[in-house]
Structure formats: structure tokens, C-alpha cells
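Only a predicted model underlies this, so the values are computations on that prediction, with no experimental measurement involved.
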Amino acid sequence: MSDFRGSIAFETEALTQEDRARIGASFMSVGLEPPRVWRDECAALAHAQRIITAEDRAERQPLADPAGRVILFDGYLFEPSSLIEHLGFPPYTPDSQIAAAWLDRYGFDALPKLKGDYCLALWDTRARRLHILVAPMAQRLVYWHARPKGFWFATTLSALHQFPSVPKTLDPLQLALHFTATVADPADTLYKNIRLVPPGTHLTADTHGVQERTFWRLDTRRRLTLPTPEAYAETARDLLDQAVQRSLRSASPPGVLMSGGLDSAGVAATAARLLDPAPLSTYTVEPPPGRTIGSRPGWYDRERPHVEAITARYPNLHPHFCYAADPSSLEMDPTPFFVAGGRMQMNAHHLGWFDAAYRAVQKNGHRVLLTGQSGNLTLSFNGVRGLGDFARTGRLDKLIQLLPGAARFRQISVWRMLEAEVLLPALPPTLRAALWRWRHPGRETPTKYAAIRSDFARRIGVSATLKALGDDGLSLYTTDSRKLIAHHMEAQRTRLLETQRTLKAYYGFDLRDPLADPDLTEFCLAIPREQYLLGGEHRSLARRVLADRLPPALITERKYGQQNPEWFARLSAQRESFAADIERLATHPLAADMLDLPRLKQLIDTWPADAEAAQARRFDYEVVLARAVQTGRFIRWATGSNQ
């Protein structure tokens, strides 16, 4: 709901004086009020408010207290009214004051109990110590840079780079890891000597240096057993209601980014019930009228029938169907996105597809947009990777009981299901990687999914990093479904959070994901794996939980909705610009060294004849080509080579 940044000069340098002069510069984010600044002889702090909740109107940050501490706060608390009563504050006290008082009374050891979606920085003027923390499963991050004589931090990379003291040098290894969707240390960024504070982390900085402490992580060892399948569904339903209720704090009615799938539809239906009779707008992206869509077995390309079935059930739901006949400006020229977030966005093609909905959200004045982003890893986990858990733990009875039904549900053979979900993930990663390289001589495994040069991957350390992580680079990971989910909800999620932070800066509203709520996530991770696959039915838990609020057609739907189904037409409109960019990238040392430009040129030269022919090569074009071009564009922007 706001942006903040700060500069701490433990010893005065010429550059730090320039930083102090720049502290009040405007943030590169939409919808922010002018920055407010606080300074002492050591620290310079700035906060720019975006009004999201009613309480935000009373915020006056940076907030100094009598004890000599100054707080910068971004986000919101889940249950402020109970905290206000507990701490003796008047109604509508801003969240920053509540958080400051909580920390004053209970200290940093009680952080897990201060529930919300927030990040904060607290400067202790007496101890000359800075604290930065990000709440568990928050949709926030804080970036930082440190040297022996100082410390710099901000809620976006673009705001951090407004300090002259902060270097802006790309890290080739991290750039390659981001490009290949590999996460080693989630706190690393694309830039040398710049890190981030992930959710559930408490950082301190003083003259003795920087310390990072994890105070909350998902516990993959925790187990929760309830007496009946109905009990699991009832508990999950209550947690879903709580998660959505928490996300509804807004000074104006929220919107919902909605498809016909269980995730966002479940969020929309729950929000409609909680807000009734108040209106709730939903936003659905669909192909332009008359657009030819290539067929894809097992998928549907029009969300409208399911969305209309839901809105017919809830009179207070107001659906908006959005589309764009041409690629968005973001796809054609992502420079404004780079400026807003300070980092690359590989999936600009998909972000551009959503642009029509985001613009409608802006136009209609929403300050909060709900999504169902994390549902596939929490409430609506399909359960099939749980088959590997049964084999790994010796529960062959469960495996034999559920495997045939799971295969029938997906309409594949039992052997194919066993091979994909149990046998291949159970192989040692080094063996999987070796087998792949044997079948593809001279190539490294990251090249399967990304147009990266194998010699660059070896030389820069991508291959060695994968080996050290026990990652084969083939996205098979492990048969332990809980560890797999935790990896995606924590390490991999940091990359998604970086993108979401940029989206907030670019569009000016708060994105919230109730299906990443910490209480709901912990529950979904702890329960028995068979609850997601009862009777072989994929997503069994979500279907049971949502049966009281979604139409039967959605509950029984086995197909998946296509995101960006008109991808080929959108990419075809960019073919010439892609080709021109690939030629320009050949003259840039880092881009030419990292990207497999001959592979990209071949994709341009062998362009499919039509949408139907393109479907068999969708991954090559929509992912491999589009991501590589966007990455190359970022490299040129970040190194000042955009001419």
C-alpha cells in the first residue's frame, strides 16, 4: 500500500551526502502521495503512501515514537480491531502505529503472532540499529545493499537504485538463474551486492554488520489428522473464509481477477458471500470475438460460460469481460515496466494478456485486486505428486488404491501415471540429468526450457549451481510433495513476488492472494496426501470444499482453462519486432554470450502457418522465444544499451 526507502550512513562519505539529498525523490510507482522524509545525523528515511485501506488516510510516516524508534510500514494487518482493543488505541488507528506498539510491548520474538501481509523497517536511533522484517507468506519484499560504512534499503529495486551510492551492476550468474527459472538462494537478486528480505525473515544492520534470521518457514514435517473427509473439508472451508475475509480490507470495494477454474472462482464466490449485498466486480480475460484458437486436448479456451454460471448464482457479482485485439504496449516495449520495478519480467507476454483486465481495474477505481494465484499449491492441489509420497514411505496399499482412479481421471494409462509421478521423480537428480545429456549430446539440462547457451551455463556456474542444489534442471524435483510445495511457495514464490511488486508499481493497486494465506497454507501442507485424491479424483479437497458455493459444472469440470489461448495471434503481431531485437542482441556482449541466438532465429524462420499448426510448438514460441527476447531487452536496458 506504500513504498519506502532509507539510507543509513554509519560513517559519512561523499556519496552518502548525495543519498541524503536524494531521499525525497519521487518514487517510480503509480498512485503514491508525495514522499515524507525523516532524518537524523545517521539515517535518512522516506515513505510514500498509497491509500488502500480506510486507516491509510491517517498514516503519517515515517513514524517516530518517544523511545527513539522510527518505523516505515507497508501492507496491512489481518485483525487490526482486536489489536487496537488489546493495545488500548482508538478506532481507525493506522497499522504502522499498531505494529510499532506491538513490537515495543512484545519484542521481535513475538513476530509470528503479529499476523498480516506487511513489511516494515524500524530504525532504533539510540542503538543505531536498523531492523527490517517481512511477515510470513506476505506479498512484500525489501531490497538492500550494504557496505562497511552504510546500509541502503527500499521496497522496489527502482527506488533502491535512486540512491547514487547503490551499484547497478548485473550479476551474470543470477541473470542466468532467473532466466532458467532456477532459485538457489531466494534472497539473491539480478544485481551484484543487492539482496532482498524474503517473507518470514528478520534482518538487522548496525556497525557490526548485517544479520539475517528466519523466524517463520513452512514446516514440511508437521502432520494433521482429522477423523473424517468431511472434517478436512469443513476445516479448509473455514480457513478459506478467514483468508478471503482478511484480504477484503480496502477503502473501496475490491475486484477479483477471475477465470472459470476452481481457484479464482472459489475466491470470488467466497468474497461475494462475505460482502453480500455489497457489489463485487470480477474481471475475466477472454479472446477477442472471432479470433481463431488452436485446439488443445484437455483444455477449454473460453472462460465466459463458467463465469456466467457463477455470477448467475450471486446477484452481487458484476462480471467484466476484457480483451485486446493487439499486443499491449507492455509487450511491445517493456521499458516502462523495467523502470517501475527495476528488474526484468520474462513473462511480459502473459502479463500483457492480462493488461486489458488490469486497465479495467484501474479505470473502475479498485484499490485491491484479489487473485487465486497460489491455489494449485494449496487448496486445489491436484494430489498426483502425492502418489510418490506413498511409494517413498512404503504405503503401497495407498498407491495401489489411488493410482488407477487417478490415471482414469486424467485419461492416461496407469503405467504413464506411475512413470511421470512416481518413477522419474524418484531417480537421483544426477542420474536424470546424465540421461538427458546422453540423449542430447553437448547440451546442458537448462537448455530444455530456456534458450541459454550450454557453454555459458557451464562457464558461468549454472550447471554447478544445479548440481549443488540437487536439481536436475528438468523440473522433476522430488517425490516428496510437501518439500516440492514448500519450495514453490517459498523459494520460487520470491520471483513471483518480485513481479507482483512491479505490477503494483506499474498499475497502482494492491494484488492479494488469499490462497497463500499462512494459516490456510500450513493446513493444506500438513494434511494427508490422499485428501487431495479421494477416489482418484484430482483436486478432491477443493471440489468438496467449494461444493457449497460453486455451480456443479465447475465442481465436476476435468478440463483446464487456457491462459492466453490466442497466444499465436499475439506473438505473430510481434514477429518482426522479435526478429529485429534478436539481430540487435547479437551485438551486445552479455546477451550474445548468454542467449542461444541461432535457436531463436530458427524459431523466427520456421514460424507456424496458423494457430492450429502452432499448438504443437506452443512451448517453443510462447515460453522459449518470448522469454528470451524479453530477457535480452532487459539486459540492453539495464546496461544502457537500448539504442
Side-chain angles (χ1 to χ4, degrees), residues 1 31 50-56 76 78-80 117 139 236-286 303-323 354-375 378-380 500 503-504 507-517 520 542 545-555 561:
M1 279 117 76
R50 181 183 289 115
I51 304 300
I52 302 293
T53 69
E55 291 78 8
D56 286 342
Y76 65 101
F78 286 158
E79 299 172 356
D117 179 0
Q139 300 200 173
R237 192 176 296 120
D238 290 342
L239 289 170
L240 173 62
D241 288 343
Q242 174 182 268
V244 174
Q245 182 68 67
R246 288 170 167 176
S247 70
L248 293 177
R249 280 194 65 194
S250 177
S252 60
V256 183
L257 188 64
M258 182 180 172
S259 71
L262 293 175
D263 304 319
S264 58
V267 169
T270 303
R273 290 156 60 103
L274 293 170
L275 291 173
D276 186 51
L280 176 65
S281 292
T282 66
Y283 297 85
T284 302
V285 187
E286 61 179 358
E303 307 279 0
R304 185 182 287 257
H306 284 336
V307 171
E308 289 180 339
I310 299 167
T311 55
R313 188 164 181 167
Y314 298 98
N316 62 327
L317 279 182
H318 295 216
H320 299 263
F321 296 97
C322 312
Y323 67 87
F354 284 112
D355 181 72
Y358 293 149
R359 295 299 181 190
V361 170
Q362 276 186 320
K363 180 180 179 181
N364 291 334
H366 297 291
R367 304 179 188 190
V368 169
L369 182 66
L370 307 185
T371 75
Q373 182 74 47
S374 298
T378 56
L379 181 66
S380 60
Q500 289 188 335
L503 285 170
K504 294 175 187 178
Y507 291 104
F509 49 75
D510 204 28
L511 285 159
R512 297 181 185 173
D513 181 6
L515 300 184
D517 178 88
L520 177 62
V545 168
L546 300 173
D548 72 330
R549 60 198 64 185
L550 292 181
L554 271 76
I555 297 298

Visitor: To the nearest 0.5 Å, how far apart are CE in Met258 and CG in Leu370?
Guide: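 Those atoms lie 12.0 Å apart.
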Visitor: Over 60° means perpendicular and under 30° means parallel, so tell me whether Tyr283 and His366 are parallel, tilted or perpendicular.
Guide: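 Perpendicular, since the angle between the ring planes exceeds 60°.
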Visitor: Taking all non-hydrogen atoms of both residues into account, name the closest pair between Glu303 and Val285 and its distance.
Guide: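 Looking at all heavy atoms of both residues, the shortest contact is CG-O, 4.3 Å.
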Visitor: Any idea which heavy atoms bring Leu546 and Leu262 closest together, and the distance?
Guide: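 Nearest heavy atoms, Leu546 then Leu262: CD1-O, 3.5 Å.
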Visitor: With a 4.5 Å cut-off on side-chain heavy atoms, are Pro514 and Val244 touching?
Guide: yes
Visitor: Can you check whether Asp117 reaches Phe78 side chain to side chain, under 4.5 Å on heavy atoms?
Guide: yes
Visitor: Got a donor-acceptor contact below 3.5 angstrom from the Gln362 side chain to the Tyr507 backbone?
Guide: yes
Visitor: Verify, without hydrogens or angle tests, whether Thr378 (side chain) and Leu515 (backbone) share a donor-acceptor contact under 3.5 angstrom.
Guide: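 Flag set: sc Thr378 to bb Leu515 pair under 3.5 Å.
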Visitor: May I have the step-by-step check of salt bridge (Lys or Arg N to Asp or Glu O under 4.0 Å) for Lys504 and Asp510, ending in yes or no?
Guide: CA-CA 6 Å; Lys504 294 175 187 178; Asp510 204 28; 3.4 Å; yes
Visitor: Between Arg246 and Asp517, is a salt bridge (Lys or Arg N to Asp or Glu O under 4.0 Å) present by the stated rule, with each step listed?
Guide: CA-CA 9 Å; Arg246 288 170 167 176; Asp517 178 88; 2.8 Å; yes
Visitor: Which atom names give the shortest non-hydrogen contact between Ala265 and Leu554, and what distance separates them?
Guide: CB-CD2, 3.9 Å
Visitor: First locate atom CZ of Arg512, then atom CD of Gln500, and finally report the distance between them rounded to the nearest 0.5 Å.
Guide: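 These two atoms lie 12.5 Å from each other.
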Visitor: Between Arg367 and Asp56, does at least one N-O distance fall below 4.0 Å, as a salt bridge requires?
Guide: no
Visitor: Take Val368 and Ile52 through the test side-chain contact (heavy atoms from CB on, under 4.5 Å) and record every step on the way to the result.
Guide: CA-CA 7 Å; Val368 169; Ile52 302 293; 3.6 Å; yes
Visitor: Count the heavy atoms of every other residue, nucleotide or ligand shown that sit under 6.0 Å from OH of Tyr314, and state whether that count exceeds 12.
Guide: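 Yes, enclosed.
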Visitor: First locate atom CG of Leu275, then atom CD of Gln245, and finally report the distance between them rounded to the nearest 0.5 Å.
Guide: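 Rounded to the nearest 0.5 Å, the CG-CD separation comes out at 7.5 Å.
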Visitor: Within this structure, what is the CG-CG distance for the pair Leu503 and Asp355, rounded to the nearest 0.5 Å?
Guide: 10.0 Å
Visitor: Would Arg237 and Asp241 count as a salt bridge (Lys or Arg N to Asp or Glu O under 4.0 Å) here? Give the steps.
Guide: CA-CA 6 Å; Arg237 192 176 296 120; Asp241 288 343; over 6 Å; no
Visitor: Can a donor-acceptor pair be found, under 3.5 Å and without considering hydrogens, that links the side chain of Asn316 to the backbone of Leu280?
Guide: no
Visitor: Of all heavy-atom pairs between Gly372 and Val267, which one has the smallest distance, and what is that distance?
Guide: CA-CG2, 4.4 Å
Visitor: If you look at every heavy atom in Val307 and Gly260, which pair is closest and at what distance?
Guide: CG2-N, 4.3 Å
Visitor: Measuring from atom CD1 of Ile310 to atom OG of Ser264, what distance do you get when rounded to the nearest 0.5 angstrom?
Guide: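 Nearest 0.5 Å value for the CD1-OG distance: 7.5 Å.
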Visitor: Who are the salt bridge (Lys or Arg N to Asp or Glu O under 4.0 Å) partners of Arg304, not counting sequence neighbours?
Guide: Glu286, Glu308
Visitor: How close do Leu257 and Leu369 get, heavy atom to heavy atom, and via which atoms?
Guide: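 Looking at all heavy atoms of both residues, the closest pair is N-CD1, 3.6 Å.
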Visitor: Is Asn364 close to His320 at the side-chain level, that is, under 4.5 Å between some pair of heavy atoms?
Guide: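 Side-chain contact under 4.5 Å: yes.
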Visitor: To the nearest 0.5 Å, how far apart are OG in Ser250 and OH in Tyr76?
Guide: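 It is 10.0 Å, given to the nearest 0.5 Å.
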